[in-house]
Amino acid sequence: MLIGIPNLLTPDLLRHLKAMGHGDELVIADSNFPAESCGVRVERLAGVNSTEALHAILSLMPLDSYVKKPARTMQVVDDPDAVPDIVSEFQQIINDMADNPVRISSVERHAFYAQARQSYCVVQTSETRLYGNIILQKGIVSPT
């Protein structure tokens, strides 16, 4: 146990978060997401949903302030303008937790998978709500 680090973050996931550099991307994925075929590195958070994972990760990881879209979700198939409830929850968590609050953008399903394949790590949660996936681009921690 450590002070100030959410208990749901595993030692391996903490290592990945620390190892990621500026511009690297992390996918938080629901239980339906093809994590093994999309990710070189896959970490699992059993019993944790996607919103809990996002909250914990943003308590430690900065969002990239040098790009326009550092937070992206998957568009609803056949309804790209729809905003699932879980995406609204993601937005509220980003508004509350992120060092650089941004508006989430959405990406067509197959483009989302292609972007996920380029990510540093996929964090697969036990999320059962559909479209519980988000890509985050890591920013920098400014010198103090």
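Residue numbers count from 1 along this sequence.
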Hydrophobic clusters here meaning ILVMFWY residues chained together by side-chain heavy-atom distances under 4.5 Å, can you tell me if [X] and [Y] are in one?
X      : Y     : result
Leu45  : Ile5  : yes
Ile57  : Leu2  : yes
Ile86  : Leu54 : yes
Val107 : Met74 : yes
Val67  : Met20 : no

Mind checking what makes side chain to side chain donor-acceptor pair (under 3.5 Å) contact with Gln91, not counting sequence neighbours?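 Partners of Gln91 under the side chain to side chain donor-acceptor pair (under 3.5 Å) test: Asn95, Arg103.
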Side-chain donor-acceptor pairs of residues 8-19 under 3.5 Å, sequence neighbours excluded:
unit_1: Thr10; atom_1: OG1; unit_2: Leu13; atom_2: N; d: 3.1
unit_1: His16; atom_1: NE2; unit_2: Glu43; atom_2: OE2; d: 3.1

Closest approach of [X] and [Y], non-hydrogen atoms and distance?
X      : Y      : answer
His22  : Lys138 : CD2-O, 3.4 Å
Ala116 : Ser119 : O-OG, 2.7 Å
Ile28  : Ser50  : CG2-O, 4.0 Å
Ser31  : Glu127 : OG-O, 2.6 Å
Ala82  : Pro84  : O-CD, 3.6 Å
Ala35  : Val42  : O-CG2, 3.5 Å

Trace of the side chain to side chain contact (heavy atoms under 4.5 Å, CB included) decision for Val102 with Leu63: CA-CA 9 Å; Val102 295; Leu63 285 181; 4.1 Å; yes
Hey, is the main chain of [Y] close enough, under 3.5 Å, to the side chain of [X] for a donor-acceptor pair?
X      : Y      : result
Asp96  : Ile93  : no
Gln124 : Phe33  : yes
Asp30  : Gly132 : yes
Thr125 : Asn49  : no

Assess whether side chain to side chain contact (heavy atoms under 4.5 Å, CB included) is satisfied between Leu130 and Asn32, documenting all intermediate values. CA-CA 8 Å; Leu130 299 179; Asn32 287 302; 3.9 Å; yes
Kindly compute the distance separating [atom1] ([X]) from [atom2] ([Y]), expressed to the nearest 0.5 Å.
X      : Y      : atom1 : atom2 : value
Met97  : Met61  : CE    : CE    : 12.0 Å
Leu58  : Leu136 : CG    : CG    : 5.5 Å
Ile135 : Glu25  : CD1   : CD    : 6.0 Å
Ile134 : Ser105 : CD1   : OG    : 9.0 Å
Gln137 : Asn100 : CD    : CG    : 11.0 Å

Minimum side-chain heavy-atom gap Arg129-Glu89 below 4.5 Å: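 Yes - at least one pair of side-chain heavy atoms lies under 4.5 Å apart.
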Side chains of Gln75 and Tyr131: does their closest heavy-atom pair fall under 4.5 Å?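 No, every pair of side-chain atoms sits at 4.5 Å or beyond.
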Go through the steps for Ile104 and Phe90 under the test side chain to side chain contact (heavy atoms under 4.5 Å, CB included), then give the verdict. CA-CA 8 Å; Ile104 295 172; Phe90 287 159; 3.6 Å; yes
Phe112: what forms a ring-ring contact (aromatic ring centres under 6.0 Å, His included) with it, not counting sequence neighbours?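 Partners of Phe112 under the ring-ring contact (aromatic ring centres under 6.0 Å, His included) test: none.
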Passes side chain to side chain contact (heavy atoms under 4.5 Å, CB included), Tyr120 versus Leu26? Steps please. CA-CA 6 Å; Tyr120 182 89; Leu26 176 92; 5.8 Å; no
Evaluate the side chain to side chain donor-acceptor pair (under 3.5 Å) criterion for residues Arg72 and Gln115: first the C-alpha distance (whole Å), next the side-chain angles of each, then the deciding distance (0.1 Å), finally the verdict. CA-CA 10 Å; Arg72 301 178 305 281; Gln115 291 176 20; 2.7 Å; yes
Any side-chain donor-acceptor pair under 3.5 Å between Ser106 and Thr73?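 Per modelled atom types, Ser106 and Thr73 side chains form no pair under 3.5 Å.
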Are Glu36 and Arg44 close enough for a salt bridge, meaning some N to O gap below 4.0 Å?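 Yes.
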